[in-house]
Each structure stands twice: as structure tokens, then as C-alpha cells.
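Read through the structure below, which is laid out as C-alpha cells, and then see the notes.
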Amino acid sequence: MAEREEALDLLCQRVLSTREQIGDAWAHNADSETGKWNTVPTGDWVDGHWIDMLRMTGELLELPELIEEAFQRTEAIRHKLELDDMFRGHRFAYSAARLHAATGDEHMRTLALAAAWAMRSTANKGNGAMPVGSQCQVLGAVEFTDEVVKGALSRNTICIDNVHPALILDWWAWKETGDKTFLVGAERMHKVIEKHFIREDGSTIENIMFNWETGELIAEVPTLLGYADDSCWTRGQSWAIAGSLWAYEHTRNTHYLRVAGKLFDYWWDKVGADIPPWDFNDPSLDAPLDTSSSAIVCSALARLAVLDPLPEEAKPFTDRLEPMLENLCKHLTPVDSQDERPVGMLLDGCMNGRKQVAHRNELIWGDFYLMEALYCLEKKGLAS
């Protein structure tokens, strides 16, 4: 098992080997046996993740050409600014906002703020929740043909994910400008999540439709990525935990910590520090694991862990970080002395267990969130 510093270096080496393989394309998921990447031509929903991996690696290894490529790729996705897509939050927070914070480039600041305002304009008029959007860029890896999925791509649909991808720019923009529009918007989204998406036992519902004009509840959407309609899709749970921890980090309102605690306790009762299955309710003994879910939670915990001073109420969360990181690093290549695969692959990620698409693969966002967690601990904070 790689130690923390070694793991971060392995991930940097994986960025270099990935860059050499994919050229101008965008990595999405890789075959776990060969390390060969399946790419998406437009970047799908993970373009910002790859951009920030380039930036972090360029900084850590003192390779300015990688940072320059991060700028170039950010310009290449500028046209996505006006897409009606929840993932603009991740896309421009991990690209433009991070590049501004790291380099001071004002053009990147302006781009990130433009994206934040564009996102905010799509909020549900009635209840303030952030929707999936009609042009959601998550189609590159899976050909969704189900009618229910087609109907879910709209401003009427709110998903558990949205408490993280769709709010990350709100928290950045509020900190950057002091404009409470972003704070109030994020708070309204959290209220909808708490009221409608969190079950009594701390598990979460994946998708619910609300009328975009009035906020009136329409219906739950049958699961798109989970095992069953009444199960708990693990990555959705991780987004909810991480999103709640982000809210606490930025406001220091312990209410968000209590919400995160309820969500995290459900997780911990199921698997503790171990890597969880792709859905907590999949009864199969051979259910695919999802390291990317653990990595998402670890990234949020790492942000808390570097707070100085560390608030006493946050310690029960940060105490769980080290054992989770230890288990994640066991899935990082090389896993033993005989492992000849590319180094720095985070194995056992699950893109879509329901459709068995990239369900036992390396995932670019799994690599990213583990790298972000380790980078945060190494640097005692993130650029933004």
C-alpha cells in the first residue's frame, strides 16, 4: 500500500501517462487490466476534473507546460458556459476558479463568475433548488435511451448530486464577491435536500421532480443509477455528505454538520472505512465497489482537516479520514510487486452499476478526488 506522499506522486505519474495516451481528447474511464482510457470528445461532465489534475501535477512536479494546458483546455470549454447543465459548477470551479486562485489570472475569475451567475439563473423559481438541466453533459459514457431518463433531463428534475456539483460555484462566488445571492441560493438548495431527499435512516433518494415555475412536487423519478427505487445509490450519498461538509466549511453553521453526520453515520454503519459497494442495498456478494465515492468523501474531509484551528465539532469527521485514505490507497496501482499496469490507477470505480457500464474501472473523477484530498493535506489547503 502506498503511503500518502507516495500515493500523491503515483497519481501525478498517472496524469503524465494519461496525457501521453489521450492527446487532445478527454479521459473518462480506463480498463482496469490495461489502463487504457476510454475518452469522450467533449469532456462530458468531468472536463474540469482533468483540468485541475493538470494544474495540480504541473505545480507539484514543476512542469509549467501542464498549467498552460490547463488554461488552454479551460478556453476550449468556454462555450459550455451557457449550457443548461448542473455540471457547470464542477466544470468551472475546477478549471477557471482554481486557475484564478492559483495564478491570479483575472480572465479566469471573470469566467468563473459568469458561470456562477449563469448557474444561479437556472434555480427553481418556486423552491430555489438547482436542477439537472435540459442539456446535462453526462451522456458521453452511456447511451441513455430510456424514456424516463429523457424526461429527467430537464429543469424540473432535482437530484441528490446537485448539493455538490451545482453548488460548488455558489460557495466560491460568495467567498470571492461577498454577494449573498450565492449564499441564499445554496441555503435554499440545502433546505430542499433536507426536506425531500434524506430518509429517516440517513440514506438518500436519487431524483425528484418539482415544477420549475412553482416548486410544486411532481413525483420521485425511478432510479437512474441505483440498484432499486428504494435503495441508496452510494455516489449520491457521497455527494450529499461532501456537499453538506462544504456548507459547514463555508458558513461554520453546525446545522450542516449535523446533516452531514446523519448521512455519514448511515455510510459508516454500512461499511465503516472500507470501500463501499456501488449501491448500499445491492445484495450481491460480488457487487462492484466504488472507490470514487470514498474519494469524494475523503476530499471533503481533507478540507476540514486542514482548518486551523480545527473546530472541535469537526473532529468526529476528520478522525475518519486516515482509515478511509488508507483503504483507498490499497486500490492504487501498483497493488503488489508483480503489478505491471500503469502506476497511479485508482481501481474499482463504478460509473454505472445498473447498466454495467464502466462498473469495475478506473474513473477519472475517482483519481481526481483522491488526488485533491492528498494535495489538500500536502499543501494545507486548496487553491479555492
Would the number of heavy atoms belonging to other residues, nucleotides or ligands and lying under 6.0 Å from CD of E65 be above 12? yes
As a test of understanding, state which of V15, L346, D52 forms a side-chain contact (heavy atoms from CB on, under 4.5 Å) with M371. V15
Side-chain touch V259/F264, heavy atoms, less than 4.5 angstrom: no
For H250 and Y256, I'd like to know if the aromatic rings sit close, meaning centre-to-centre distance below 6.0 Å. no
Working note: T103 + D105, criterion side chain to side chain donor-acceptor pair (under 3.5 Å); need CA distance, chi angles, decisive distance, verdict. CA-CA 5 Å; T103 70; D105 188 286; 5.1 Å; no
Could you tell me whether the side chain of F368 reaches within less than 4.5 Å of the side chain of L11, counting heavy atoms only? no
Examine the side chains of Y375 and E59 and answer whether a donor and an acceptor come within less than 3.5 Å of each other. yes
So Y248 and E313, side chain to side chain donor-acceptor pair (under 3.5 Å) or not? Walk me through it. CA-CA 11 Å; Y248 166 74; E313 66 266 18; 2.8 Å; yes
Under 3.5 Å, is there a donor-acceptor pair between the T18 and W37 side chains? yes
Would R4 and E378 pass as an ion pair if we require N to O under 4.0 Å? no
For R120, is there an ion pair with D170 - N to carboxylate O distance below 4.0 angstrom? yes
According to the interplanar angle, ranging from 0 to 90°, do the rings of W365 and W45 count as parallel (below 30°), tilted (30 to 60°) or perpendicular (above 60°)? tilted
For the residue pair G344 and E362, what are the closest heavy atoms and their distance? O-OE2, 4.1 Å
With a 4.5 Å limit on heavy-atom distance, are the side chains of I364 and W26 in contact? no
Begin from the C-alpha positions of T39 and H28 and carry the test side-chain contact (heavy atoms from CB on, under 4.5 Å) through to its verdict. CA-CA 5 Å; T39 61; H28 190 282; over 6 Å; no
Using distance alone, with no hydrogens and no angle criterion, decide if H100 and H107 have a side-chain donor and acceptor under 3.5 Å apart. no
Let's go through S203 and D201 carefully: what are the C-alpha distance in whole Å and the side-chain angles of both, what is the deciding distance for side chain to side chain donor-acceptor pair (under 3.5 Å) to 0.1 Å, and is it a yes or a no? CA-CA 6 Å; S203 65; D201 65 356; 2.7 Å; yes
Could you check whether any side-chain heavy atom of V343 comes within less than 4.5 Å of a side-chain heavy atom of P334, counting everything from C-beta outward? yes
Under 3.5 Å, side chain of S32 to main-chain N/O of L347, donor-acceptor pair present? no
Tightest non-hydrogen contact, residues S95 and I77, listed as OG-CD1, 4.1 Å
Evaluate side-chain contact (heavy atoms from CB on, under 4.5 Å) for E220 paired with I205, printing each intermediate quantity in order. CA-CA 8 Å; E220 285 188 30; I205 296 168; 3.6 Å; yes
May I ask you to say whether K191 pairs ionically with E194, meaning some side-chain N is under 4.0 Å from a carboxylate O? no
Does the gap between the ring centers of W172 and F92 come in under 6.0 Å? no
Kindly determine whether H255 and H190 satisfy side chain to side chain donor-acceptor pair (under 3.5 Å), including the steps that lead there. CA-CA 11 Å; H255 170 75; H190 273 278; over 6 Å; no
Can S134 and D84 be counted as having a side-chain donor-acceptor contact under 3.5 angstrom? yes
Distance-only, no hydrogens or angles: does the N156 side chain make a donor-acceptor pair with backbone N or O of W212 under 3.5 Å? yes
Between D85 and R88, does at least one N-O distance fall below 4.0 Å, as a salt bridge requires? no
Just by distance, with hydrogens left out, do S292 and D290 show a side-chain donor and acceptor under 3.5 Å apart? yes
Go through the steps to decide whether D179 and W174 satisfy the test side-chain contact (heavy atoms from CB on, under 4.5 Å), and finish with yes or no. CA-CA 5 Å; D179 192 324; W174 177 48; 5.8 Å; no
Can E372 and R303 be said to form a salt bridge (Lys or Arg N to Asp or Glu O under 4.0 Å), step by step? CA-CA 9 Å; E372 184 182 56; R303 291 176 65 98; 5.1 Å; no
Examine distances only and state if a side-chain atom of E206 and a backbone atom of C232 form a donor-acceptor pair shorter than 3.5 Å. no
Judged by atom type as modelled, is there a donor-acceptor pair below 3.5 Å linking the side chain of K80 to the main-chain atoms of T42? yes
Can you say whether the rings of W239 and H164 are parallel (under 30°), tilted (30 to 60°) or perpendicular (over 60°)? tilted
Is W233 close to R354 at the side-chain level, that is, under 4.5 Å between some pair of heavy atoms? no
Is a side-chain donor-acceptor pair under 3.5 Å present for R14 with S17? yes
Heavy-atom distance under 4.5 Å between the side chains of Y94 and I51, does that happen here? no
Filter on ring pair (Phe, Tyr, Trp, His ring centres under 6.0 Å), then keep only pairs touching residues 269-293, sequence neighbours left out; what's left? Y266-F280, W267-F280
Check for a donor-acceptor pair, side chain of S121 on one end and backbone N or O of A118 on the other, with a separation under 3.5 Å. yes
Go through it in stages, so that I can follow the logic: the residues are R155 and T122, the test is side-chain contact (heavy atoms from CB on, under 4.5 Å), and I'd like the CA-CA distance, side-chain angles, deciding distance and then a yes or no. CA-CA 8 Å; R155 285 192 183 172; T122 65; 3.7 Å; yes
Can you find a pair of side-chain heavy atoms, one from V335 and one from R341, that are under 4.5 Å apart? yes
